[in-house]
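Read the numbers this way: they start at 1 and go in the same order the structure lists the ligands and their atoms. Index from 1, following the sequence.
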Amino acid sequence: MDILKIRPYRLLCLICSFGDNSCSPRDEGLEQILEKIREFPSRPVMLVCNAGDMFSYQDPGNKEDTLKGSDFDRLRDLEILHKLDLMPGAILPARLLLFRIFEQIRTSGGICGYEDTATGKWIGCEKAKRESYEKALKNVLAGNPDCYRDFYKLLKDGKRSIFIERKEEELDEEKKKSLEEMFKAEEISVRPHILLCAVEQYAEGLNPPFENDNLPEMIQHIIKNPGQKIKLVKGADWMICAPCPVRDTKLNACCLAVKGGGGLSNQLRDLRLLKALGLKFGDSMKAKDLYKLIFDRVKTTNEICTFEGIYPSVWQERCAADNLKWTKEAKENELYKKGRLMLMEAFGIK
Ligand code: SF4
Ligand code: SF4
């Protein structure tokens, strides 16, 4: 997989270009960056800058220095890394990096926008004076919702994003196909922890048809067919996650990572749940037996879903924050508790 090397200031310039012109940047280099990110939003990006000292191994040289001079560009590169709390040479998936920028950098003032009237040696960027960056965040880009349902709503509302997200027609088609497969499958494949999410959806009264995943359909299906086999698999498996707007189809990955690393915390949730159940990936069980085991061993989501990240962190998102709060307050996830009882009744589990 190609790693895209980018100087931090170029990413800010990319965002600024949307404030000046909402369609795309006019600078050829920025256009190429945008094209690469849009082609594969999870593409790894390495932030390189002329940091020197211990980090000189990744110094990119001066070929991308602007007319304002290498000191100006080094200064803003390091200011940006400081705000993102990342070191030179850090590699992150593009979408995660951009959301971290949206979250941590709300203005280009102080980074590129300033005026040294005393000596005239440090002149800021014109676009910073015009507040292009702020305009882009406010008027054009999709922002930084921390829940995939809100995210989906933003897409539907027609807001733009640096990323071209999955099209609604594609999601509808994927929903149709994956449901057909699920209803005739000998084994329904599903990543483990979303079996708990399904319990909460049930308590919330989410009924089919549900746009963003196939969990409500699966629950209704297995209540009617408790002998249906369920196989526990890795990643954002197609059978349940196919219509999810944040599923990366190239990587079979969950990219809920809108404020950090929901995808990463979900991987750990899966493993925590498997450990709690004494199961491994690839294991398969009858639906009712599997849910009986889950309800015996998982009475609350606290142990499975709590993450204590220093925000913004790759371990932090809404569910992690809620569970951390409940754990600290010695409370429980009431929705899961309610759904657990409701589903025990629906399955006839004592
Ligand atoms: S708290 Fe855990 S089980 Fe509940 S919806 Fe969030 S990730 Fe799923
Ligand atoms: S891709 Fe992620 S957010 Fe979407 S349904 Fe699957 S686990 Fe949930």
among protein heavy atoms, the one nearest atom 7 (S) of ligand 1 is Arg269 NE, 3.6 Å

Can Asp213 and Gln201 be counted as having a side-chain donor-acceptor contact under 3.5 angstrom?
yes

Tell me whether Asn333 contacts the main-chain N or O of Tyr336 through its side chain, where contact means a donor paired with an acceptor under 3.5 Å.
yes

Which bit of Asp322 is near ligand 1, meaning a heavy atom under 4.0 Å away: side chain, backbone, both or neither?
neither

In ligand 2, which numbered atoms sit nearer than 4.0 Å to a non-hydrogen atom of Cys244?
1 (S), 3 (S), 4 (Fe), 5 (S)

Number the atoms of ligand 2 from 1 as they appear, then name those within less than 4.0 Å of a heavy atom of Arg191, with their elements.
7 (S)

Indicate whether the side chain of Trp326 and that of Glu334 have a donor and an acceptor atom separated by less than 3.5 Å.
no

Does the side chain of Leu171 come within less than 4.5 Å of Glu211's, by heavy atoms?
no

Donor-acceptor under 3.5 Å (Asn302 side chain, Lys331 main chain):
yes

Atom 1 (S) of ligand 1 [closest protein heavy-atom partner, distance rounded to 0.1 Å]
Asn323 ND2, 3.2 Å

Which of the atoms in ligand 1, numbered in the order shown and given with their element, are less than 4.0 Å from a heavy-atom of Leu196?
3 (S)

Does Phe183 reach the side chain of Asn214, with side-chain heavy atoms less than 4.5 Å apart?
no

Do any of the N/O/S atoms of Cys319, backbone or side chain, fall under 2.8 Å from atom 2 (Fe) of ligand 1?
no

Thinking salt bridges, do Asp172 and Lys176 make one under a 4.0 Å N-O criterion?
no

Which atoms of ligand 2 are found less than 4.0 Å from any heavy atom of Ala236?
1 (S)

At what distance is the nearest protein heavy atom to atom 5 (S) of ligand 1, and which residue and atom is it?
Glu200 OE1, 3.5 Å

Output yes if Cys254 passes the N/O/S-under-2.8 Å test against atom 6 (Fe) of ligand 2; output no otherwise.
no

Give me the nearest non-hydrogen protein atom to atom 2 (Fe) of ligand 1 as residue plus atom name, then the distance to 0.1 Å.
Cys305 SG, 2.3 Å

Specify whether an N/O/S atom of Cys197 falls short of 2.8 Å from atom 8 (Fe) of ligand 1.
yes

For Asp270, is there an ion pair with Lys275 - N to carboxylate O distance below 4.0 angstrom?
no

